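Computation of the quantities below employed the complete heavy-atom set of this structure, encompassing side-chain atoms and omitting hydrogens, waters and symmetry-equivalent molecules. All values reported here derive from a predicted model rather than from experimental measurement. Naming convention: chains lettered A, B, ... in sequence-line order (proteins, then strands); numbering from 1 in each chain.
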Amino acid sequence: MTEELISRFVVARRKYIESQFHNLNPMQRQAVLTTDGPLLLLAGAGSGKTTVLINRIANLIRFGCASDSNLVPDTVEEEDVFFLEQLQEPLSDSDRRRADYLCALDPVKPWNIIAVTFTNKAANELKERLVNMLSPEAGEVWAMTFHSACCRILRRYAELVGYTGSFTIYDTADSERVMKDIIKEMGLDDKTFPAKYVLSIISREKDSMTSPETLLSRAEMSGEFRALQVARAYNKYQTRLKENNAVDFDDIILLTVRLLQENEDVRAYYQQKFRYVLVDEYQDTNHLQYLLTSLLAGGYENICVVGDDDQSIYRFRGATIENILDFEKQYRGARVIRLEQNYRSTQSILNAANGVIAHNMGRKGKRLWTSNPQGDPVVVYEASDERAEASYVSSQILAGQRRGKAMKDHAILYRTNAQSNALEYDLKRNGIPYRIIGGTRFFDRAEVKDMLAYLCVINNRSDDLRLKRIINNPPRGLGPKALDTAQRLATAEGKPLYEVVFHPDAYAPLEKSATKFKNFTQIIEGLAQLLVADMPLPEFYEELMLRTRYAQMLQEKPTEENKTRLENIRELKSSILSYMENTQQPTLAGFLEEIALYTDLEEYNASDDAVVLMTMHSAKGLEFPNVFLVGFEDGLFPGMRSIGDHEEMEEERRLCYVAITRAKQNLTITHARSRMLYGRTAAAMPSRFLREIPEDVMVKKGGYHTYGQQSCGDNFTYTARYTQPQVAPRPDFASSMASNTPKTPMLELNRGDMVSHTAFGTGVVLSVMKMGGDALLEIAFDQIGTKKLMAKTASAHMKKL
DNA sequence: TGACCACAGTTTTTT
DNA sequence: ACTGTGGTCA
């Protein structure tokens, strides 16, 4: 073929491939078709980042590097060039097949692509959409979290870094337990050396790959007492973990990095395996994760990182925004593509977001734009206090509902979880269904952890930590003394605790408790036998609940709490079942790993029609038609700790940016003039971020904006104003009631009276304590439990039955 | 071993 | 205000 034909082929090929991604905008398409070499994708909020990622992988699998290459295979003939040039939509199946075949240049096998994310949710979404778009074979792409990818590598080569392939994963709580023990053993004061604090230092040291030995010698040189103790604790901690064949979350990455650095053949294997490396949410990576990705991509250097420096909100957990800012320095010749068209929000919302984020210094610089309509201005509402704020939000949600919005179209986002209380109260009062995301997770519940601990010990007898958790739970007469003796013996012999406990007869000091120990190990061994005999996991779990007498213990005292606990441990069985459904070869070890790395079971589920409440952090990556951002006050958001610290302020501002850009159509920001926080009511100034929102896209409501000169009186009546007519004003605290005492006569109530409350439903009066002209009532409500109310204020919302 | 009291701490969160 | 924790006592 002539030179001319070859270049015509390249052009036609590119055109055909482009046509396969016609639904993307030019920038998105460029991001998809730029296949080779380092690529930094700056993807603004709502710019279709995930879509790009998926199409990029699809392009690699279908066409390899053809869209980014001038190479033409020798097999291409003149006729092929004409064929491509003449192609016209719509294509017949056979034309399409031929075009695909002609254009593909070294198409990539799914298992030669790795796409790392931070959350399982993101990884699953990626995988799912890939399979839907391409074929089941696309499921072979390594679409995983950092931790699951590393685990997969580590399980294979654990021996090379000093562990067994069956290592256990310690979560944060486990690590804390270990550290607490160590601090105690070292005779240190746990006030001066809180386990959490020591662990945070260790985590930072791990991030910079400092070994305990290095830190120890460095501390010895400095001669600083604190540093020395911390280094010793680090050393002990690492030793303890190794003895238990356990790794913490940091270790998973650290050990993988070390494995790849120190073993040329392993490194070479993965470097040639992963022809293409993609990293999602790159702004959230820490130094270790940077090392990991650059090691993995070290062969072909086909690394594509996607992120938004303006959305980096996890500095507090080790993310370094420098990774994304310095990408071009770390990878010479890196290409940069910006996705700045936003498909999510109205002009007003976007302008507000841009106005705020523009105040940050350390950023790549990016300006989101949209072709969406201007939309309504951002509403900034001033409330008198957090209850009035909540009441306004509820009223607006009800108004939204009247305009035809679904409940789930509304989200309320706050800076701190503590703020959800006042909101919940008011939503409940107005009968608005809501769901709170976040808080204590299922797998963090004590009873669930207990059951998991049993499973862990059966899986790995040398898991001392979990063994100690369950050996006397339910109580088996193996108290602290017996356990302490056993532990001492184990330490002396350098054996796992279980071995001592398994052969108590071999140790004279254990004479008294030998039988009890044996009873316990018999339970464990008996259960382990069932697994050896291939009993299916769900049945096995039933046996476990039974034989350990854990379920029985809960049934014996059927309090409300214990009933919930029983439900929870039964619920764990459905986790096992769903694990079995999604795995070809289910094993106990496999299940435990999944639990350890997949904790976000309680996720935002778009199916039920309820208002969603969550922190601004949890909202990242989500979007809602109507968004309420509450608590925009200096000291709360930005938080007290951030004010005065430049870096922290920028992070708070980024969080603000993230929060604002969650909204699609309507954004309401509220602040209160006084707020009760930590049991104290304090005056609050509007957040400085509010001043950074351009005036022309916002409208102020509430407070003095509505009430003019009455800006500092205490006779505000927001509550009444925004409450549903049939609902009386909510009970209030005496202090703020001075000018607002209800005219309703105080109910004369006695112990045992039944009452009906507009907000809390029906209940029975438990106690009445006279206080001046008022009385403190304690009422057990059927639905929500026991509440303490002041008789005077509560009378307005309550009637005697 | 369990129940009760004093006391501190209290941003954000994934793995 | 609230909650979880750690210590003491029966």
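Distance A:Q283 CD to B:dT14 C1': 14 Å, rounded to the nearest Å. Spacing between atom OH of A:Y197 and atom C1' of B:dA8 amounts to 19 Å, rounded to whole angstrom units. One atom, CG of A:L597, and another, P of B:dT15, lie 9 Å apart when rounded to the nearest Å. As rounded to whole Å, 15 Å separates atom C1' of B:dT14 from atom CZ of A:F443. Summarising the geometry, the separation between CG on A:D385 and P on C:dA1 is reported as 15 Å, rounded to the nearest angstrom. In this entry the distance linking CZ of A:R387 with C1' of C:dA1 reads 13 Å, nearest Å. The separation between A:E176 atom CD and C:dG4 atom C1' is 13 Å, rounded to whole Å. Atom CZ in A:R177 sits roughly 7 Å away from atom P in C:dG6 (whole-Å rounding).
Looking at heavy-atom distances under 4.0 Å, A:F118 makes contact with sugar-phosphate atoms alone, never a base. Counting non-hydrogen atoms under 4.0 angstrom, A:K180 reaches the backbone sugars and phosphates but no base. Counting non-hydrogen atoms under 4.0 angstrom, A:F637 reaches nothing in the nucleic acid. At the heavy-atom level, A:N417 lies under 4.0 Å from the strands shown only through sugar-phosphate atoms. Among the protein residues, A:N473 comes within range of no part of the nucleic acid, since none of its heavy atoms lies under 4.0 Å from any strand. Using a 4.0 Å heavy-atom cutoff across all strands shown, A:R641 reaches at least one base atom of the nucleic acid.
Taking every side-chain heavy atom of A:R415 into account, B:dT11 is the closest of B:dT14, B:dG2, B:dT11. Looking at the side chain of A:E648, the nearest of the listed nucleotides B:dT11, B:dT15, C:dA1 is B:dT11. Checking B:dT14, B:dT11, B:dA3 against every side-chain atom of A:T416, the shortest atom distance belongs to B:dT11. Comparing B:dT1, B:dT15, B:dT13 against the side chain of A:S618 picks out B:dT13 as the nearest.
Ranked by how close their nearest DNA chain B nucleotide is to the 5' end, A:D250 and A:L655 are led by A:L655. Comparing A:P475 and A:H617 by the nucleotide of DNA chain B that holds the closest heavy atom to each, the one mapping nearer the 5' end is A:P475.
Between A:D248 and A:K206 a salt bridge is recorded (basic side-chain N to carboxylate O distance below 4.0 Å). A salt bridge links A:R387 to A:D385: one of the charged nitrogens lies within less than 4.0 Å of a carboxylate oxygen. Salt bridge A:R363/A:D309: absent, no basic N to carboxylate O contact under 4.0 Å.
Using modelled atom types, one finds no donor on one side chain facing an acceptor on the other under 3.5 Å when comparing A:T164 with A:S166.
Between A:K557 and B:dA3 there is a side-chain N or O to OP1 or OP2 distance below 4.0 Å. Side-chain nitrogen and oxygen atoms of A:Y678 include at least one within less than 4.0 Å of the OP1 or OP2 phosphate oxygen of B:dT11. Note on A:T615: a side-chain N or O is less than 4.0 Å away from OP1 or OP2 of B:dT13.
In this structure, A:F316 forms no aromatic stack with the base of B:dT11, since the conditions of centre separation below 5.5 Å and plane angle below 30° are not both met.
Ring pair A:F316/A:Y314 is tilted by interplanar angle, where 30° to 60° counts as tilted.
Taking every heavy atom of both residues into account, A:I471 and A:R476 meet most closely at O-NH1, 2.9 Å.
For B:dT15, the base has no donor-acceptor partner in the side chain of A:T119 [N/O atoms by modelled type, under 3.5 angstrom].
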